[in-house]
S.K.: 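I'd like to ask you about the structure that follows.
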Amino acid sequence: MGTDDSDSWVSQVHRSYGAELKRFLTRRLRDRAAAEDVAQETYLHLHRLEQAQVRHPRALLFVIASHLAARYRKRGEIHGADDSAEAAAVPDSALSPERIAELDDAIRVLEEIVEAMPDQLRMVWVLRRVEDLSPAQIAEQLGLSVKAVNRRLERAMVYCREGLLKRGIDRLGA
Amino acid sequence: MMADCGGNSMGVNRAGSRATAKRSRLPRRIIKEAAHWVLLLSSDDVRAEDRQRFEEWLRADPRHAAEFQVQEKIWLLAGELRADVHARRREGERLNPERRVRWVWAGAGLVAASAALIGVAWIAGWLPSAQTTEYATRTAETRTVRLPDGSVAVLNTRTRLQWFRTERERRGRLLDGEAFFRVAHDGRPFRVVMDQATIEAVGTQFDVYRKADGRVRVTVLEGAVQVTLRGADGAHPIWERRIEAHQQIEYEHSRIVDNVRRATDEDLLWRQGTVSFQQQPLGQVVDELQRYTDRPISITDPELARIAVGGVYSTQDIRADLERIARFVPMVVVVQEHEGAITLQPRQPESPSDQQR
């Protein structure tokens, strides 16, 4: 893997997940220019980190992006008053080593939670998130209605959330 | 005040122990509602009225936004398992046996169901035979692969294609990039899926190009394909189009960007390592060339980006292509020493000192 400076780890991340990130942000912000801006800002945050600190670059990328997108939306609501207390209240120092370590922990704990999930829920969850099938495709494969698939996905999400709370984890990195 | 989900946006609820979690200040209703919204908004097309209801829900209670964000992260992190699995597969590594046992689907019914499923078995070789194969190319690489059924796929630069082996159908998923398919006749449907879209081959030769900006271009050389885009609920198609030989269509999310237009072999010259442009703005040309190089290319001047450029170029040496374009377009190709980034600047005829060569 390239450690030479012509090909930094961030540009590798950009190459591997750039398109996916752009789709995610466009969906979230519904504005292509805004999505570009937030994507840029996300990479800037990554640039401040050493590769050695980052074990899950993709997760980190998306978690930072989700965070910045939320901040962007909030600023929009306050109509241009960017430096208002509300906007400023979203922390910028999202990326301390402790926070990154928390993220790694959260991924590990989530895997545990998914492993413990009832089969009915785990199956749709894994098909959706790991296999990346749409609810319609899952429904077709399992012979369920799309509604039933979505209901199970919601229950699986609640299961994950409550699993984290039970383990005393209330925040997820960044 | 919305400020609550700012400074303390992740710290929804300091649940120190089982007991506090049980009687947490966060009502289960909010957890359930947030789950509903995260899932609804995870699809590519969200109805405007849902969007609006979501915004209202967010505003109704500051805890809503905070909880939404936490669950969105759960959603994103769950996708990380996929990246892990892909990385392991690439390294030819398997999950350790202990973990494998824990993950295996329990219950006879589920095992039976999963056998029919694409790819589940693949996740880590949990079932005896891996049923999914992933093919990938690096920047500027072109690769021809023979699929298990005898069909051929040609992958363009930076492409990832998953192929699933199932009884009932032949199915691939284009995760990134562009692939051309020459379909072998064997009676089973041949489908390429992306997000909510399915492209089914009725005929024999077609190309799917998943652009970086989210648009998808489908080109048919022989036979025909049926493109179906389904809504988030999957129940009904948003639109369907049959594309015949020598036709092309471009769409994004839920709408068609460029309705059916004529396609020629020129559109698929990449298979021979070249690309062709017919008087397109330089900006578009650069976007296309960017696919074939890891050096970031930027244009410093919007006027320059609008100049029309034509011709046939190699996908193997992008810098040389740009130098060629610079012969008839008033621009200078500047290559940064360190990162190798390429900048295209307008050439000032008046001041020769600006001309760097």
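Naming convention: chains lettered A, B, ... in sequence-line order (proteins, then strands); numbering from 1 in each chain. All of these numbers come straight from a predicted model, not from anything done at the bench.
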S.K.: In Å and rounded to the nearest 0.5 Å, what is the CH2 to CZ distance from B/W75 to A/R129?
M.R.: 5.0 Å

S.K.: Measuring from A/Y17:OH to B/D176:CG, what's the distance to the nearest 0.5 Å?
M.R.: 10.5 Å

S.K.: With heavy-atom distances below 4.5 Å as the criterion, would you say the side chains of B/L39 and A/N150 are in contact?
M.R.: no

S.K.: Within the supplied structure, the quantity of interest is the number of heavy atoms (other residues, nucleotides, ligands) at a distance under 6.0 Å from B/E56 CD; does it exceed 12?
M.R.: yes

S.K.: Measure across B/R51 and A/R28 and return the closest heavy-atom pair with its distance rounded to 0.1 Å.
M.R.: NH1-O, 3.7 Å

S.K.: Output all residues satisfying side-chain hydrogen bond (donor to acceptor under 3.5 Å, both in side chains) with A/Y43, sequence neighbours left out; order by chain, then residue number.
M.R.: A/H14

S.K.: At a 4.5 Å cut-off on heavy atoms, which part of A/S145 comes close to chain B: side chain, backbone, both, or neither?
M.R.: neither

S.K.: Taking side chain as everything from C-beta outward and backbone as N, CA, C, O, which of these in B/E252 sits under 4.5 Å from a heavy atom of chain A? Side chain, backbone, both or neither.
M.R.: side chain

S.K.: I need the B/I31 CD1 to A/E154 CD distance, nearest 0.5 Å.
M.R.: 13.5 Å

S.K.: Mind checking the CZ-CG spacing from B/R28 to A/L165? Nearest 0.5 Å is all I need.
M.R.: 11.0 Å

S.K.: Rounded to the nearest 0.5 Å, what's the gap from CD1 on B/I74 to CD1 on A/I113? Could you check?
M.R.: 7.5 Å

S.K.: Surrounding CZ of A/R155 (heavy atoms of other residues, nucleotides or ligands, distance under 6.0 Å), is the total greater than 12?
M.R.: no

S.K.: What pair of heavy atoms forms the shortest contact from B/S42 to A/R27, and how long is it?
M.R.: O-CZ, 3.6 Å

S.K.: Look at atom NZ of B/K32 and say whether more than 12 heavy atoms of other residues, nucleotides or ligands are closer to it than 6.0 Å.
M.R.: no

S.K.: Taking the side chain as everything from C-beta on, heavy atoms only, tell me whether A/R161 gets closer than 4.5 Å to B/V38.
M.R.: no

S.K.: Please give me the minimum heavy-atom distance between A/K22 and B/A212, naming the atom from each residue.
M.R.: CD-O, 4.0 Å

S.K.: Tell me every residue that passes side-chain contact (heavy atoms from CB on, under 4.5 Å) with B/E141, counting only those two or more places apart in sequence or in another chain.
M.R.: B/T137, B/R138, B/R143

S.K.: Which region of B/R210, side chain (C-beta onward) or backbone (N, CA, C, O), has a non-hydrogen atom less than 4.5 Å from a non-hydrogen atom of chain A, or is it both or neither?
M.R.: side chain

S.K.: Under a 4.5 Å cutoff for heavy-atom pairs, which residue among A/S66, A/S134, A/A116 has the most contacts with chain B?
M.R.: A/S66

S.K.: With a 4.5 angstrom heavy-atom cut-off, could you sort out which part of A/Q137 is near chain B: side chain, backbone, both or neither?
M.R.: side chain

S.K.: Which heavy-atom pair separates A/S16 from B/R160 by the least distance, and what is that distance?
M.R.: O-NH1, 4.4 Å

S.K.: Which residue in the set A/E36, A/R23, A/R32 passes side chain to side chain contact (heavy atoms under 4.5 Å, CB included) when paired with B/D213?
M.R.: A/R32

S.K.: Roughly how far, to the nearest 0.5 Å, is CD1 of A/I64 from NZ of B/K73?
M.R.: 9.5 Å

